Amino acid sequence: MALRLYDSATRDARDFVPLEEGRVGIYVCGLTVQSEPHVGHVRSAVNFDVLQRWLRHSGYAVTFIRNVTDIDDKILVKAAEQGRPWYNLAYDMAHELSAAYASLNVQRPTYEPAATGHVPEMVELIGRLVERGHAYPAADDSGDVYFDVGSWPAYGELSGQRVEDMEAAADADPRGKRDPRDFALWKGWKSETEPETASWPSPWGRGRPGWHIECSAMAGKYLGAAFDIHGGGIDLRFPHHENEQAQSRAAGQRFASYWLHNAWITTSGEKMSKSLGNSLLVPNVLERVRGVELRFYLVSAHYRSHVEFSFEALDEAAAGYRRIESFLERAGDLPASGSGSGSGTGTGTGTGTVKEPQLRPIDMEIGAEHVERAQLRLLDQLPAAFVAAMDDDLGTPAAVAAVHDAVREGNRLLAAGDRDRAAEQAGAVRAMLDVLGLDPADPAYAAGTSSAQGRLETAVDTLVAGLLGERDRARAARDYAAADAIRDRIKAAGIEIEDTPSGPRWSI
RNA sequence: GGUGGGUUGGCCGAGAGGCGAGGCAACGGACUGCAAAUCCGUGUACACGGGUUCAAAUCCCGUACCCACCUCCA
């Protein structure tokens, strides 16, 4: 079965056919770096990371571009409020965002272009639109340039709306617009209220780019006039993506073949952007669960399904993930967690080994004909149900069910003493998890563990090992009351002990 | 006003005419000194009212409620 994707533009699932055999170009709208990322923001990144990984596993060479919007109204306003340069705020937030992505094992794109680095490309594109009669400088002397919606009959095609049905923005300042629905390609510099550093020269005077033009310019630059997939959050469909498409097509580019939009995460039924408390910022959520567990929670829902965030559901997801992990440990496919006597670590905290983040940029040089043998072997290990689920518009919930099925079967084989066949299941589980970016052994997940944490684990391990030794002696003497008392003491400290054929082990 | 989405068991979350996705929780059993882990088993869920059909959570009509977008938004 071939990959099918739900295209927001046509509102149905279609077979995915790339423009060029074996190659895929993807553009995803990243974030405006104006504040710390919350779980809603990273959902989008995780969803498209899964897409990108699945395409590569399916043998495609993927070029993946995700932009950073580092200049816009909000950045200017917030930076002013905080009394610092706008570029300092944007830079800081971009770093926060990268850290959040890294903690969730979101692979780096092929390139991550920033808007401020592409002003000349945008000016060039705007110039072409003016030449073709699809854009005009404002009639007042604001220095603004607007896209002329009336000049583009197809306007509204992406979001399925007719121009005449659209409400004009209630808060829009009509300024020099011919029609209130026209949107800004270029915003003239307001020297009284905006810093000069936030302006660039152009044929229409100093100014800064409008929001939508950057994506058209950067997608065109890095992916060409026509490319395969454009992604982003559902809220971007209109106006952002509608406008992008109108601009690019009016400038003579075919633009994206497929549009993919992810749904929201809400809290208490509200969009996060409106009701956000600090508790849902990624670093704060990661104090409660590990990055891999948060990712598992996000991947367990379909990307087009609305998710009502709750810590209870997050904890449940984490419990589900630990079951998978526990199977891999017992099947010998992963180093066991705390063994009571060695260098083990708690399952609640990842491995204690400190490693450099190994987020690799995705490899765009691997064509369909050059897929690495290891990768093909991995593909061979994937159960048919998993492949079918992923091919059906990235059906990650069904794919996760396939993981659970393999885990149950593997556990059954372990219970029956068939370690060889259990190992096969473990291999399949690892392969599936790898596709989903959820392999517990992925070095990306070790990167977040601090050396202080590692030392702490070693210390706990030593203390627990001592206590377990006492408990073993009590058990050997059949003094179960004393043995249980020791276990209770350890448990009171928040550490669970379980007896396994290879000896007791602990986890937090 | 226009456009689109949703309502599934105690909870999360798939599915889109016929076989009870999967997980978490719960209960029973096996195993265990006891636990834990694991395995086996246990649920008659699809907002409401009609209709179509041999068969409806799924299709049609209607109703209720919720949500998103309509130029700030992942």
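As the structure is a prediction and not an experimental result, all values here were calculated from the model. Throughout, protein chains are lettered first and strands after them, A, B, ... in sequence-line order, and every chain is numbered starting at 1. Side-chain atoms are counted along with the backbone in the values below, which use heavy atoms only and exclude waters and symmetry mates.
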Q: Pairs counted as Watson-Crick or G-U wobble with both distances under 3.5 Å: what dot-bracket string results for RNA chain B, using | for bases tied to another strand?
A: (((((((..(((.....[...))).(((((.......)))))....(((((..]....))))))))))))....
Q: Can you tell me how far C1' of B:A21 sits from CG of A:D392, to the nearest Å?
A: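 Those two atoms, CG and C1', are 13 Å apart.
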Q: If you measure from the C1' atom in B:A74 to the same atom in B:G17, how many Å do you get, rounded?
A: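 So the two C1' atoms sit 36 Å from each other.
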Q: Going by ring pair (Phe, Tyr, Trp, His ring centres under 6.0 Å), name the residues that satisfy it together with A:Y321, two or more places apart in sequence or in a different chain.
A: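 Expected list: A:F296.
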Q: Roughly how many Å is it from CZ in A:R181 to P in B:U3, rounded to a whole number?
A: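 These atoms are roughly 15 Å apart.
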Q: Of the options B:C70, B:G22, B:A74, whose atoms approach the side-chain atoms of A:Q161 most closely?
A: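 Comparing B:C70, B:G22, B:A74 against the side chain of A:Q161, the answer is B:C70.
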Q: Pick the P atom in B:G13 and in B:A47, then give their distance to the nearest Å.
A: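 B:G13 and B:A47 have their P atoms separated by 15 Å.
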Q: To the nearest angstrom, how far is A:M432 atom CE from B:G22 atom C1'?
A: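 From A:M432 CE to B:G22 C1': 12 Å.
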Q: Would you mind telling me which of A:R249, A:Q245, A:Q247 makes a side chain to side chain donor-acceptor pair (under 3.5 Å) with A:S216?
A: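 By the side chain to side chain donor-acceptor pair (under 3.5 Å) criterion, A:S216 pairs with just one of A:R249, A:Q245, A:Q247: A:Q247.
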Q: Between B:G10 and B:G18, how far apart are the two C1' atoms, rounded to whole Å?
A: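 These two C1' atoms come out 29 Å apart once rounded.
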Q: Keeping the roles fixed (side chain from A:D144, backbone from A:A138), state whether a donor-acceptor pair exists under 3.5 Å.
A: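 No: the side chain of A:D144 does not pair with the backbone of A:A138.
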Q: Given 3.5 Å as the limit, does a donor-acceptor pair link the side chain of A:R295 with the main chain of A:N105, or not?
A: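 Pair found, side chain donor or acceptor close to backbone of A:N105.
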Q: With a non-hydrogen cut-off below 4.0 angstrom, is A:G30 in contact with a base, only sugar-phosphate, or nothing?
A: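 It contacts sugar-phosphate atoms only.
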Q: What is the distance, rounded to the nearest whole Å, between atom CG of A:D479 and atom C1' of B:C34?
A: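 So the CG-C1' distance, A:D479 to B:C34, works out to 13 Å.
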Q: When rounded to the nearest Å, what value does the distance between C1' atoms of B:A21 and B:G28 take?
A: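 One C1' to the other, the span is 24 Å.
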Q: Quick test of your reading: applying salt bridge (charged side-chain N to carboxylate O under 4.0 Å, His left out), list the pairs with at least one residue in residues 478-488 of chain A, sequence neighbours left out, ordered by first then second residue.
A: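 Sorted pair list: A:D484-A:R487.
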Q: Sequence neighbours left out, what passes ring pair (Phe, Tyr, Trp, His ring centres under 6.0 Å) with A:Y297? Give chain and number order.
A: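 Checked A:Y297 against ring pair (Phe, Tyr, Trp, His ring centres under 6.0 Å); matches are A:F309.
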Q: Provide the distance between the two C1' atoms, one in B:G43 and one in B:C48, to the nearest whole Å.
A: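 My reading of the C1' atoms in B:G43 and B:C48 gives 23 Å.
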Q: Inspect the contact between A:D72 and A:K74 and indicate whether a charged nitrogen and a carboxylate oxygen are less than 4.0 angstrom apart.
A: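 No salt bridge links A:K74 with A:D72.
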Q: Let's see if you can work this out: which of B:U38, B:C40, B:G13 has an atom nearest to the side-chain heavy atoms of A:A415?
A: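 Nearest nucleotide to the side chain: B:U38.
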Q: Take A:T32 and A:Y6, find for each the nucleotide of RNA chain B with the closest heavy atom, and name the residue whose nucleotide sits nearer the 5' end.
A: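 Checking each residue's closest nucleotide, the 5'-ward one belongs to A:Y6.
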Q: Checking contacts here: which listed nucleotide (B:A74, B:C72, B:A37) is nearest the side-chain heavy atoms of A:K74?
A: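 Between B:A74, B:C72, B:A37, the one nearest the side chain of A:K74 would be B:C72.
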Q: Remember a base hit wins even if backbone is also touched, and classify A:L414 as base, sugar-phosphate or nothing at under 4.0 Å, heavy atoms.
A: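 Here A:L414 touches no strand at all.
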Q: Given atom CG of A:N262 and atom P of B:G4, what is their separation to the nearest angstrom?
A: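 The distance from CG of A:N262 to P of B:G4 comes to 20 Å, rounded to the nearest Å.
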Q: Hey, does A:S310 reach any base, or is it just sugar-phosphate, or nothing, if we go heavy atoms under 4.0 Å?
A: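 The answer is nothing, as A:S310 stays clear of every strand by at least 4.0 Å.
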Q: Please measure how far the P atom in B:U58 lies from the corresponding atom in B:G50, and state the result in whole Å.
A: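 14 Å, rounded to whole Å.
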Q: In terms of the angle between their ring planes, are A:Y146 and A:Y136 parallel, tilted or perpendicular, with boundaries placed at 30° and 60°?
A: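 Geometry flag for A:Y136 against A:Y146: tilted rings.
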Q: Hey, is the side chain of A:S300 poking within less than 4.0 Å of OP1 or OP2 on B:C12, counting only N and O atoms?
A: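 Indeed not, no polar side-chain atom of A:S300 lies that close.
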Q: Select base, sugar-phosphate, or nothing to describe what A:H302 touches, counting heavy atoms under 4.0 Å on all strands.
A: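 Here A:H302 touches the backbone only, sparing every base.
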Q: What residues form a ring pair (Phe, Tyr, Trp, His ring centres under 6.0 Å) with A:Y111, not counting sequence neighbours?
A: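 A:Y111: ring pair (Phe, Tyr, Trp, His ring centres under 6.0 Å) contacts with A:Y222.
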Q: Check every atom of B:U71, B:A74, B:A14 against the side chain of A:P397 and return the nucleotide holding the closest atom.
A: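 My answer, after comparing the listed nucleotides, is B:A14.
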Q: Select base, sugar-phosphate, or nothing to describe what A:Y155 touches, counting heavy atoms under 4.0 Å on all strands.
A: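 Base, at least one base atom sits under 4.0 Å.
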Q: Under a 4.0 Å N-O cut-off, is there an ion pair linking A:R322 with A:E325?
A: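 No, A:R322 and A:E325 are not salt-bridged.
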Q: Expressed in whole Å, how much space separates the C1' atoms belonging to B:A14 and B:A57?
A: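 Going atom to atom, C1' in each nucleotide, I get 12 Å.
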Q: Please measure how far the P atom in B:G2 lies from the corresponding atom in B:G62, and state the result in whole Å.
A: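 Going atom to atom, P in each nucleotide, I get 15 Å.
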Q: What's the closest nucleotide to the A:D72 side chain, out of B:U3, B:U71, B:C72?
A: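 When the side chain of A:D72 is considered, B:C72 is the closest of B:U3, B:U71, B:C72.
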Q: Among B:G13, B:C69, B:G4, which is the nearest nucleotide to the side chain of A:R11?
A: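 My answer, after comparing the listed nucleotides, is B:G4.
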Q: Once you round it to whole Å, what is the distance between P of B:G4 and CH2 of A:W259?
A: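 Rounded to the whole Å, the gap is 18 Å.
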Q: Set out, line by line, the N/O atom pairs under 3.5 Å between protein and nucleotides 23-33 of chain B.
A:
residue: B:G23; atom: N2; partner: A:E316; partner atom: OE1; Å: 2.8
residue: B:G33; atom: O6; partner: A:R475; partner atom: NE; Å: 3.2
residue: B:G33; atom: N1; partner: A:D484; partner atom: OD1; Å: 3.2
residue: B:G33; atom: N2; partner: A:D484; partner atom: OD2; Å: 2.7

Q: Nearest whole angstrom, please: distance from the C1' of B:G4 to the NE2 of A:H261.
A: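 Checked: the NE2 to C1' distance equals 12 Å.
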Q: Between atom CZ in A:F238 and atom P in B:G4, what is the gap in whole Å?
A: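 Rounding to the nearest Å, CZ of A:F238 and P of B:G4 are 14 Å apart.
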Q: Quick check for you: among B:C40, B:A74, B:G13, whose closest atom lies nearest to any side-chain atom of A:I265?
A: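 Selected nucleotide (nearest to the side chain): B:A74.
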Q: Looking at the rings of A:W264 and A:H306, which for Trp means the six-membered one, are their centres under 6.0 Å apart?
A: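 No: the rings miss the under 6.0 Å criterion.
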Q: What about the rings of A:F255 and A:F227, do their centers lie closer together than 6.0 Å?
A: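 So the answer is yes for these two rings.
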